[in-house]
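Here is the naming used below: chain letters follow the sequence lines, and residue numbers restart at 1 for every chain.
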There are 2 protein chains.
Amino acid sequence: MTTLLQKADRQLRSQGGRMTSQRRIILEALDCLNCHPTAEEVYDTVKLRDQSINLSTVYRTLRWLEQEGLISARRFAEDGRQDRFDPMLPSEHYHFLCTECKEVIEFDHPAIESICSSFEQNSRAAVQSVSFVLYGLCPNCQSRRKN
Amino acid sequence: MTTLLQKADRQLRSQGGRMTSQRRIILEALDCLNCHPTAEEVYDTVKLRDQSINLSTVYRTLRWLEQEGLISARRFAEDGRQDRFDPMLPSEHYHFLCTECKEVIEFDHPAIESICSSFEQNSRAAVQSVSFVLYGLCPNCQSRRKN
DNA sequence: TAGTTATTGCAAATCGTTTGCAGTAACAGG
DNA sequence: CCTGTTACTGCAAACGATTTGCAATAACTA
Ligand SMILES: [Mn+2]
Ligand SMILES: [Mn+2]
Ligand SMILES: [Zn+2]
Ligand SMILES: [Zn+2]
């Protein structure tokens, strides 16, 4: 399993880009920050290692990774209006967002694809991408609420 | 079929609110503006009837309608970061957004609900709401692109 | 080791939306 | 109708998330 840092390095090499210390720190943060962080969350993590790094550098790096197809930006409702960044997995997947703690759970379901094709047939529209997001309470927040 | 204007009127009456000329114009705009307008689109429409109406009044009215459960706000990816407003239909439904002309097509599919319950069982999370959005090209934009 | 230029930090701009405030106009009651 | 109370308005300024212009810096190349 190749890390984001490795993928980005290869990408940079092939286009005359430069691997800066800031980029390395951001990429390493993304690699160990498991889930679906906001830019602020990445920024907070990265600042622990380099106090002088700037939020706009974080954004520029994230947007570059997005352009290169190495991560994708997602915007969930019921989660303010900030973007969350998702390491691009090899397979399509969908999300559950806990409205309380903002935890994201990924899942997949075979029926989703067939819903798309049945919609395509009925509407004659061409589907290019799918966003399926469930909102609710994760197991933890449910039990926390009962108390 | 009761119009939004009628529903809002009833709601206002029951809570000491006032039916102003601005609200009437906005509600009438929403009633004939068929689909899923942004606040700006509503604003542009109402300005034709009342030059002096203010964008913040449009927002305040839309948010009030949202709170009253008469419309809902939706945020689609690939559509900038503005909200779109959806007259609350009696039944749950889902959306297709044309990435080119921003037309919205509504649809439903019986399998969607069973996907939710199967996710609930596997994850032990409690699903409260669902957002299912397809992105792609509507029939019109497809043929326009072929030429 | 020096030169080219991609990348940075910073501050200011942007975009969609919200808010504080003083003035205006609904509408209830006389 | 007239009047008083106060919900609602327009305006301007604040907002949060993100983007951008620019001059200084630091990767890489040769
Ligand atoms: Mn994901
Ligand atoms: Mn709709
Ligand atoms: Zn939770
Ligand atoms: Zn279209």
Q: Looking at residues 17-28 of chain A, who's got a heavy atom less than 4.0 Å off DNA chain C?
A: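 Those residues whose heavy atoms fall under 4.0 Å from DNA chain C, taken from residues 17-28 of chain A in numerical order, are G17(A), R18(A), T20(A), Q22(A), R23(A).
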Q: Taking five pairs at each end of the helix from dT18(C)-dA13(D) to dG30(C)-dC1(D), what angle separates the two helix axes (nearest 10°)?
A: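 About 30°, once rounded to a multiple of 10°.
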Q: What's the angle between the local helix axes at either end of the helix from dT1(C)-dA30(D) to dA12(C)-dT19(D), using five pairs per end and rounding to 10 degrees?
A: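 That helix has its two terminal axes inclined by roughly 30°.
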Q: Between residues 47-65 of chain B and DNA chain C, which residues have a heavy-atom gap below 4.0 Å?
A: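 L55(B), S56(B), Y59(B), R60(B), R63(B) - these, ordered by number, are the residues of the stretch whose heavy atoms sit under 4.0 Å from the strand.
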Q: How far apart are the closest heavy atoms of L97(B) and E78(B), and which atoms are they?
A: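 Shortest heavy-atom contact: CD2-O, 4.1 Å.
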Q: Using the side chain to side chain donor-acceptor pair (under 3.5 Å) criterion, which residues pair with E28(B)? Sequence neighbours excluded.
A: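 Per chain and number, E28(B) pairs via side chain to side chain donor-acceptor pair (under 3.5 Å) with R49(B).
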Q: Keeping the roles fixed (side chain from R23(A), backbone from D9(A)), state whether a donor-acceptor pair exists under 3.5 Å.
A: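 No, because the side chain of R23(A) does not come within donor-acceptor range (under 3.5 Å) of the backbone of D9(A).
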Q: Test of understanding: with ring pair (Phe, Tyr, Trp, His ring centres under 6.0 Å), list the residues that count as partners of F76(B), not counting sequence neighbours.
A: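 Ring pair (Phe, Tyr, Trp, His ring centres under 6.0 Å) list for F76(B), sorted by chain: H95(B).
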Q: How would you list all residue pairs meeting ring-ring contact (aromatic ring centres under 6.0 Å, His included) that involve residues 99-127 of chain B, not counting sequence neighbours?
A: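 Those involving residues 99-127 of chain B are F96(A)-F119(B), F107(A)-F119(B), F119(A)-F107(B), F107(B)-F132(B).
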Q: Kindly indicate, with the supporting measurements, whether the criterion side chain to side chain contact (heavy atoms under 4.5 Å, CB included) is fulfilled by K102(B) and D79(B).
A: CA-CA 7 Å; K102(B) 313 300 181 195; D79(B) 182 34; 3.5 Å; yes
Q: Among R63(A), H36(A), R74(A), find the residue that satisfies the side-chain hydrogen bond (donor to acceptor under 3.5 Å, both in side chains) test when tested with D83(A).
A: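 It is R63(A), the one option of R63(A), H36(A), R74(A) that forms the side-chain hydrogen bond (donor to acceptor under 3.5 Å, both in side chains) with D83(A).
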Q: Consider only side-chain heavy atoms of I, L, V, M, F, W and Y, link residues closer than 4.5 Å, and tell whether L134(A) and L134(B) are in one cluster.
A: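 Yes; tracing contacts between hydrophobic side chains, which count when under 4.5 Å, links both residues.
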Q: Is it the case that the side chain of Q142(B) and the backbone of R124(A) share a donor-acceptor pair, with hydrogens and angles ignored and the cut-off at 3.5 Å?
A: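 Checking the backbone N and O of R124(A) against the side chain of Q142(B), a donor-acceptor pair under 3.5 Å is found.
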Q: Determine whether Y94(B) and D108(B) satisfy the following criterion, side chain to side chain contact (heavy atoms under 4.5 Å, CB included), listing intermediate values before the conclusion.
A: CA-CA 6 Å; Y94(B) 310 97; D108(B) 191 13; 3.2 Å; yes
Q: Using a 4.5 Å cut-off between side-chain heavy atoms of Ile, Leu, Val, Met, Phe, Trp and Tyr, which other residues end up in the same hydrophobic cluster as I71(B)?
A: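 Cluster partners of I71(B): L4(B), L5(B), L12(B), M19(B), I25(B), I26(B), L27(B), L30(B), L33(B), V42(B), Y43(B), V46(B), I53(B), L55(B), V58(B), Y59(B), L62(B), W64(B), L65(B), L70(B), F85(B).
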Q: Stepwise, does the side chain to side chain contact (heavy atoms under 4.5 Å, CB included) test hold for C141(B) with E103(B)?
A: CA-CA 10 Å; C141(B) 289; E103(B) 191 206 348; over 6 Å; no
Q: Would a single hydrophobic cluster contain both V133(B) and I112(A), if residues Ile, Leu, Val, Met, Phe, Trp and Tyr are joined by side-chain heavy-atom contacts under 4.5 Å?
A: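 No.
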Q: Can R75(B) and R81(A) be said to form a side chain to side chain contact (heavy atoms under 4.5 Å, CB included), step by step?
A: CA-CA 9 Å; R75(B) 182 167 315 132; R81(A) 46 183 91 272; 2.8 Å; yes
Q: Going by side-chain contact (heavy atoms from CB on, under 4.5 Å), name the residues that satisfy it together with T2(B), two or more places apart in sequence or in a different chain.
A: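 Result, side-chain contact (heavy atoms from CB on, under 4.5 Å) vs T2(B): Q6(B), K7(B), R10(B).
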Q: Please work out which residues in residues 67-87 of chain A have a non-hydrogen atom less than 4.0 Å from an atom of DNA chain C and list them by number.
A: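 Residues of residues 67-87 of chain A under 4.0 Å from DNA chain C: R81(A).
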Q: Taking E68(B) for its side chain and A8(B) for its backbone only, find out whether a donor-acceptor pair lies under 3.5 Å.
A: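 No, the answer is negative, given that no donor and acceptor are paired below the 3.5 Å cut-off.
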Q: Holding to side chain to side chain donor-acceptor pair (under 3.5 Å), I want the full list of residues that pass it with E100(A), two or more places apart in sequence or in another chain.
A: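 Per chain and number, E100(A) pairs via side chain to side chain donor-acceptor pair (under 3.5 Å) with R145(A).
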Q: Students should find this one: the first and last nucleotides of DNA chain C, 5' to 3', lying under 4.0 Å from a heavy atom of chain B. What are they?
A: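 Range of nucleotides within reach of chain B: dG16(C) to dC27(C).
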